[in-house]
Number of protein chains: 2
Amino acid sequence: MPGQQQRKPTSAINQQPLADFKVGVDNVIFSVDITENRLLVLLVMRQQEPFANYWSLPGTLVRQGESLEDAAYRIMAEKIRVNNLYLEQLYTFGGPKRDPREACDSYGVRYLSVSYFALVRFEDAQLITDGVTGVAWYPVKDVPQLAFDHNEVLNYGNCRLRNKLEYSPVAFDVLPKMFTLNDLYQLYTTVLGENFSDYSNFRARLLKLGFLYDTGVKVSRGAGRPASLYQFDADAFAPFKDKPLVFI
Amino acid sequence: MPGQQQRKPTSAINQQPLADFKVGVDNVIFSVDITENRLLVLLVMRQQEPFANYWSLPGTLVRQGESLEDAAYRIMAEKIRVNNLYLEQLYTFGGPKRDPREACDSYGVRYLSVSYFALVRFEDAQLITDGVTGVAWYPVKDVPQLAFDHNEVLNYGNCRLRNKLEYSPVAFDVLPKMFTLNDLYQLYTTVLGENFSDYSNFRARLLKLGFLYDTGVKVSRGAGRPASLYQFDADAFAPFKDKPLVFI
DNA sequence: CCAAAAGTGTTTGAATTACACCCATGG
DNA sequence: CCATGGGTGTAATTCAAACACTTTTGG
C-alpha cells in the first residue's frame with residue numbers, strides 16, 4: 001500500500017509517474033445442478049466493446065464510496081436473486097495490457113480486476129434476465145472462450161473450489177438444504193475427479209463426524225432403494241471450525 | 001472484469017461516477033533467525049505523512065507500465081538484497097476510508113492495497129539502509145502499532161504462513177540452505193505453537209518422505225551431541241508437489 | 001561422570017483402504 | 001424376481017501419539 005518512496009530514485013522506474021487505475025470486480029459464481037450432476041458457472045453476454053458478444057464473468061467497475069465487496073454484492077444483486085450466498089475474495093489480476101481499453105485510451109488508465117469467488121444454491125438462484133442482457137449457467141466443463149483473461153480467472157476459481165471442498169464445508173452452500181449423501185458424493189466426484197474416495201468410506205467418515213442430520217424423509221429417484229435426505233447442522237459443525245478437518 | 005452495467009440503473013449507486021484509484025503494493029516479508037528462534041518481519045519507518053514516524057510494511061505505489069508483481073519485486077530490491085526469494089500475492093484491501101489521504105484529497109482518489117507475502121533467508125538478506133530511512137527486522141511477537149491497516153495485513157500474512165507451513169515446503173525458503181532437523185522443528189514450533197507435534201515423530205515423518213538429504217556435516221551448538229546438517233532436495237520433493245502432503 | 005542435546009525404537013490406538021455383503025424399490 | 005441404487009460391516013494395513021531409550025558431545 002501507499003508507502004511511496006520519495007528518497008533518491010534507485011532505478012529508472014522510480015522516475016515514472018504513478019499509474020491511474022479503474023478497479024473492476026469480477027465474480028466467479030459457482031453452483032451445482034444436482035439433477036444433472038454438473039458444476040455450473042454464471043456467465044453474462046457482453047453488450048459493448050471491448051469483447052462485445054463474448055461471454056464473460058459478471059463484473060462491474062467500482063464506484064465512488066463503494067467497497068470492493070460491496071461491488072461484488074452489487075453484481076450478484078443485478079444478476080441473480082439468492083437466499084444463501086457464500087462469497088470470498090479470490091485474486092487480483094493487475095498486469096498492464098490485460099484490458100484492451102488501456103491501449104486506445106491514451107491517458108494511460110490501467111484496469112485492474114479483483115475477482116471474487118461465490119457459491120449459490122441452484123434451486124434458490126433466480127436469474128434476473130431482462131430479455132436483452134444474456135445471463136446463463138454454463139457447465140464448467142464446456143465454457144467457451146471468454147472475454148479478457150476470464151478463462152484464467154475461472155480456472156483459478158475452480159482451483160479454489162477444489163481446495164475448499166477438501167477442508168471446509170462449502171459443499172453445503174451449493175447443495176440444496178436437503179440432499180442425499182449421494183448428492184454430496186456426486187458433488188465431490190464431479191469437482192475432485194472420480195477417484196478421490198470410495199463412496200461407502202466417504203459416507204461413513206462424514207456420518208461419524210456428526211454434523212449431518214438425517215431428516216428421515218425418503219426420496220426415490222428411479223429404481224433402487226429410496227435415499228434419506230440429510231441436512232447440514234451448522235451448530236454441530238462449530239467445533240470443527242478452523243480445525244484441519246478433512247472431507248476427502 | 002470491467003463488465004460495466006449500462007442498462008437501466010437498478011439502484012442509486014449505479015448513478016455514482018466510477019472511483020479513481022491509486023494502487024499500492026505492500027509486502028509482508030518474513031524471515032527466521034535460527035540462532036534466536038524468532039520469526040521476523042521486515043518493517044520500514046515512514047518518513048512522510050500520513051503516519052510519519054510510524055513503522056509500516058515496505059510498500060510503494062504502482063507506476064505506469066509496471067505490473068503488481070513488478071512493483072512487489074521493486075520494493076524488495078530497494079530494501080534488501082537477497083538470493084533466494086519466495087513471493088506470492090496475499091490479499092487486496094480496498095475499502096474506502098482505509099487511507100487518510102482519501103479525506104484531504106478532495107478529488108476522491110481511492111487508495112487500494114494489494115499485499116504480497118514473501119519469505120527470505122535471514123543470513124542471505126542484506127538490508128539496504130542509507131542511514132536515513134529506517135529498515136529493520138522486527139520479531140513478529142512484538143511489532144508495534146503500524147501505519148494504515150498494516151497490523152491487519154501482517155496478521156493475514158501470519159495466517160498464510162501458518163497454513164503454508166502445514167502443506168507446502170516453504171520452510172526451506174526461510175531456513176538456511178543447510179539446517180539441522182532441530183532448526184526445522186523449532187521453526188514449526190515458533191510459528192505453529194508448541195504442541196503441533198512431538199519432535200521425534202516430526203523427525204521420523206520428514207525423513208521417511210525422503211526429500212531431506214543428510215550432508216554428513218556435523219555442527220555442535222554448545223553442549224550435547226552434534227547435529228547433522230540437512231539439505232532440502234527439490235527434485236526428490238517433486239512427486240509430492242500439489243499432493244495434500246502434511247508436514248504437521 | 002553428568003547434563004544436555006541428537007537421534008532411534010516400540011507400543012498402542014485410531015484412521016484409511018478396499019472390499020464384500022445386505023436392503024428396499026421399480027419394472 | 002432381478003437389476004439398480006442405497007446402506008452396512010469388516011479385515012488388512014497404514015498412520016499418528018506418546019514415550020522410553022541410546023548416543024555423543026561439552027564441561
Side-chain angles (χ1 to χ4, degrees), chain A residues 34-37 165-167 175-176 178-190 192-231 239-240 243-248, chain B residues 34-37 165-167 175-176 178-190 192-231 239-240 243-248:
Chain A
I34 258 354
T35 65
E36 305 258 12
N37 270 124
L165 273 188
E166 292 181 4
Y167 62 84
L175 288 175
M178 294 170 83
F179 51 88
T180 72
L181 291 178
N182 225 344
D183 292 337
L184 183 60
Y185 181 68
Q186 294 305 328
L187 168 59
Y188 272 84
T189 50
T190 57
L192 259 39
E194 199 53 55
N195 46 3
F196 79 98
S197 174
D198 176 89
Y199 170 64
S200 76
N201 293 329
F202 177 78
R203 177 192 173 84
R205 188 154 13 93
L206 275 260
L207 286 180
K208 184 144 51 86
L209 291 169
F211 50 73
L212 293 183
Y213 170 67
D214 185 346
T215 63
V217 182
K218 303 288 181 184
V219 63
S220 197
R221 296 191 184 143
R225 177 174 173 175
S228 264
L229 285 175
Y230 284 79
Q231 262 184 224
F240 300 100
K243 266 175 196 165
L245 177 60
V246 180
F247 283 83
I248 55 141
Chain B
I34 261 349
T35 66
E36 305 258 12
N37 271 125
L165 273 187
E166 291 181 4
Y167 62 83
L175 288 175
M178 293 170 83
F179 51 87
T180 71
L181 290 178
N182 222 346
D183 291 337
L184 182 60
Y185 180 68
Q186 293 304 331
L187 168 59
Y188 273 84
T189 49
T190 57
L192 259 39
E194 199 53 56
N195 46 4
F196 80 98
S197 174
D198 176 273
Y199 171 64
S200 75
N201 293 328
F202 177 78
R203 176 192 173 84
R205 188 153 14 92
L206 273 265
L207 287 180
K208 184 144 52 86
L209 292 170
F211 49 74
L212 293 182
Y213 169 68
D214 185 345
T215 63
V217 182
K218 304 287 180 185
V219 64
S220 195
R221 295 186 184 150
R225 178 174 173 172
S228 266
L229 286 175
Y230 284 79
Q231 262 183 223
F240 301 101
K243 264 174 196 164
L245 177 61
V246 180
F247 281 81
I248 54 141

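Just so it is clear: chains get the letters A, B, ... in the order the sequence lines come, proteins before strands, and each one is counted from 1.
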Can you measure [X] atom [atom1] to [N] atom [atom2] for me and round it to whole angstrom units?
X      : N      : atom1 : atom2 : value
A:N182 : D:dG6  : CG    : P     : 4 Å
B:R221 : D:dT24 : CZ    : C1'   : 16 Å
A:Q186 : D:dG6  : CD    : C1'   : 12 Å
A:Y199 : D:dG5  : OH    : C1'   : 9 Å
B:D183 : C:dA5  : CG    : P     : 14 Å
A:L184 : D:dG6  : CG    : P     : 13 Å
B:K218 : D:dG26 : NZ    : P     : 13 Å
A:L181 : D:dG7  : CG    : C1'   : 9 Å

Contact summary for B:T190 and B:L187, nearest pair of heavy atoms:
OG1-O, 3.0 Å
Suppose we screen for side-chain hydrogen bond (donor to acceptor under 3.5 Å, both in side chains). Which residues come up paired with B:N201, at least two apart in sequence or across chains?
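In terms of side-chain hydrogen bond (donor to acceptor under 3.5 Å, both in side chains), with neighbours along the sequence ignored, B:N201 is linked to no residue.
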Sequence-distant partners of B:S228, side-chain hydrogen bond (donor to acceptor under 3.5 Å, both in side chains), two or more places apart
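Per chain and number, B:S228 pairs via side-chain hydrogen bond (donor to acceptor under 3.5 Å, both in side chains) with B:D214, B:K218.
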Atom pairs, N/O to N/O, protein against nucleotides 23-27 of chain C, distance under 3.5 Å?
from	atom 1	to	atom 2	distance (Å)
C:dC23	O4'	A:R225	NH1	3.4
C:dC23	O2	A:R225	NH1	3.3
C:dT25	O2	A:G224	N	3.4

Rounded distance [0.5 Å steps], CG in A:L207 versus OH in A:Y230
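Rounded to the nearest 0.5 Å, the CG-OH separation comes to 5.0 Å.
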For A:Y213, the ring pair (Phe, Tyr, Trp, His ring centres under 6.0 Å) test, sequence neighbours excluded, returns none
Identify, with sequence neighbours excluded, every residue that meets ring pair (Phe, Tyr, Trp, His ring centres under 6.0 Å) alongside A:Y167.
none
Suppose we call two aromatic rings close when their centres sit under 6.0 Å apart. Are A:Y185 and A:F179 close by that rule?
no
Is the distance between the ring centroids of A:Y188 and A:Y199 less than 6.0 Å?
no
Tell me, for nucleotides 9-21 of chain D in 5' to 3' order, what letter each nucleotide earns: B for a base near a protein heavy atom under 4.0 Å, S for only sugar-phosphate near one, - for neither?
B------SBBB--
Report yes if a side-chain nitrogen or oxygen of B:R203 is closer than 4.0 Å to either non-bridging phosphate oxygen (OP1 or OP2) of C:dA6; otherwise report no.
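Result: no.
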Quick check: do B:L165 and B:F247 have side-chain heavy atoms less than 4.5 Å from each other?
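Heavy-atom side-chain distance check fails, nothing below 4.5 Å.
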